[in-house]
Amino acid sequence: MRPGLVAGAVLSGLALAAALLSLIWLPYAVSAMAIGQRLQPPSAAHWAGTDHFGRDIAALLMAGARTSLAVALVAVGIGMGLGVPFGLAAAARRGSWLDEVIMRGNDLIFAFPSLVIAILITAVFGPSAVNAIIAIGIFNIPVFARVARAGALSLWTLDYVRAAQVAGKGRARISVEHILPNIANLLIVQGTIQFSLGILAEAGLSYVGLGAQPPTPSWGRMLAEAQTMVTLAPHVALFPGLAIVATVLGLNLLGDGLRDALDPRLRGRVA
Amino acid sequence: MTRFVLHRVLSLAASLFVASLVVFAVIEVIPGDPAAYMLGLNASPDTVAALRETLGLNQSLPMRYLGWVGGMLTGDLGTSYTYRVPVAELVGDRLAVSLPLAAGALVLSTALALPAGLVAAARRGRAADAAVIGATQLGIAVPNFWFAMLLVLLLAVRGRFFPAGGFPGWSDPVAALRALVLPAVALALPQAAILARVLRSALIETMGQDYIRTARAKGLSRARALLRHALRNAMIPVLTILGMQFSFLLAGAIIIENVFYIPGLGRLIFQAITQRDLIVVESVVMILVFAVIMVTFLTDLAYAAVDPRLRRRA
């Protein structure tokens, strides 16, 4: 039994379930305003209370889960889709000019303060969920390139990879057929971590008004709107924050748990 | 060592050159006409033409790039379009707030992380370790701006111990420091969580080494071995993280500075971006990138000085 893994799976599963359920059912429509019902504390009718427009916070949280998860997921997809091929290519041609260019390119992206660049991209191209995805995704590329390269380098020294070379397979084919399946574990674990970081980044961008735009519900923007009302009705700031914490915590626990479960070498070693 | 330093200096110069090209491209080439972008849709063609003249946009791209880099090298960062003051002056004023804030957050996060990491490593697998791991998991998951809102609610609105926002300026040092306490705490929490985890892992890794076993066999207590030998060797990953965190804290304070309305570097960039003051954005982004690259460079050199094995990696 791995309590961390189970707790992580449950918390991440809840967020995912809320996002999927919101596609077919919501307790209230997210646009249903009722000014007479504004800033109500949690009750049987509104489990998480209502916001300053009298909208149901539980419904907004469920729909917001969709935005957060979608933005973070696509950003991870961009990072993996571009980063992994770069990392594999760098490892296949270790020490060549290609390796050098890819790795220096990585260092360069790391040198840019990610938040500043994300804000810059959304400011130049206009604030939207799509631009937030691109901004977060760009900074995932070097992360996956590094993980893929490091994992691949250790595999290239193994006998079965040498055997495949002797058998006449090209470096690209070996990378795809033999290296990639064997670093999949590493990539999945890193993917979970980047997923949780993406949710935090999306929340931050939306909070400063550069993420998903109204009327798309978003946890970060709910917090921004709650800021001026937090003294009157603390619950408007409490629940979106808790939703972010629970989802990010769940994904991190899931990532740590998967790393321990998938890599037998790590069993019993440092967490 | 000389060869290593030379190699590093060359790669530093190359990084800075490419970074400056990227910043220049994003700001001056991608938006099309920076003057039209800065003035917005309703600007008259005459105003745009006048601004193009002031910004020197009628010169060729290479000339503009050289002019910008040359200015940076001589300390001339241009004049802000919205504030109408030299950018260098603006940056100086803002650094007077951001540097102490970043330093305070760093000191605070180290002060929290050092004992937490030590206790967790010393009591590995016991209740104290589990508590530290749980707390760090939570610390990493909490968005710092939400934590900041909770701090304001509890300690500024309900408690009235600290101001809820704003910065009175350094003429009243006590009030200024009080205004920086909550932002520093909000910035420090996630950093402390990361640092404590890195320190714990590094310490546990080091405690498994042969020389620690030797030291223990010679009669050193576990606590002494931890403090005298393991801690020193575990400092390399910890220092790396600290270096990265300092540059992050300078730029990453954007959101926290916005929560507390603190006139720091982060808020300057954020406002400059929303006000489309590209002159400020371009120079400040380049300064931040320069800071990150320099910190990495200096950490690399420091390691190589301490650990000769690392020199060969060049």
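Just so we're clear, the structure is a prediction, and the values are computed from it rather than from any experiment.
Contact count against chain B (heavy-atom pairs under 4.5 Å) is highest for A/V208 among A/V208, A/L253, A/N252. Interface summary for chain B: among A/G220, A/G204, A/A246, A/A224, the most heavy-atom pairs under 4.5 angstrom belong to A/G204. With respect to chain A, the highest number of heavy-atom pairs below 4.5 Å among B/S11, B/A19, B/S15 belongs to B/A19. Counting heavy-atom pairs under 4.5 Å between each of A/A226, A/A203, A/G250 and chain B puts A/A203 at the top.
Only the side chain of A/L108 comes within contact range of chain B, judged by heavy atoms closer than 4.5 Å. Contact of B/V259 with chain A is made through backbone and side chain together, with heavy-atom distances under 4.5 Å. Heavy atoms closer than 4.5 Å to chain A are found in the side chain of B/V157, but not in its backbone. Residue contact with chain B, scored on non-hydrogen atoms closer than 4.5 Å, is absent for A/D107. Using a 4.5 Å cut-off between heavy atoms, B/V281 touches chain A through its side chain atoms alone. Both the backbone and the side chain of A/T231 have a heavy atom closer than 4.5 Å to some heavy atom of chain B.
Counting only distance, with no hydrogens or angles, the side chain of A/T216 and the backbone of A/A212 share no donor-acceptor pair below 3.5 Å. Using modelled atom types, one side-chain atom of A/S196 and one backbone atom of A/I193 make a donor-acceptor pair closer than 3.5 Å.
Between A/G151 and A/S154, the shortest heavy-atom distance links the atoms O-OG, 2.9 Å. Minimum interatomic distance between B/L16 and B/F290 (heavy atoms only, all atoms of both residues): CD2-CD1, 3.6 Å. Minimum interatomic distance between B/N144 and B/P190 (heavy atoms only, all atoms of both residues): CB-CG, 4.0 Å.
Within 6.0 Å of CZ on B/F24 lie more than 12 heavy atoms contributed by other residues, nucleotides or ligands. Counting heavy-atom neighbours within 6.0 Å of A/F139 CZ, excluding the residue itself, gives a total above 12.
The existence of a salt bridge linking A/R2 and A/D256 is excluded, since no basic side-chain nitrogen approaches an acidic carboxylate oxygen closer than 4.0 Å.
With 3.5 Å as the limit, one finds no donor-acceptor pair spanning the side chains of A/Q213 and A/S218.
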Name each donor-acceptor pair under 3.5 Å that joins a side chain in residues 260-271 of chain B to protein atoms two or more places apart or in another chain, with its distance.
residue : atom : partner : partner atom : Å
B/R267  : NH1  : B/N258  : OD1          : 2.5
B/Q271  : OE1  : B/Y83   : OH           : 3.2

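With contacts defined as side-chain heavy-atom distances shorter than 4.5 Å, the pair A/N106/A/M103 qualifies.
Residues of residues 234-243 of chain A placed with any heavy atom under 4.5 Å of a heavy atom in chain B are listed by number as A/P234, A/A237, A/L238, A/G241, A/L242.
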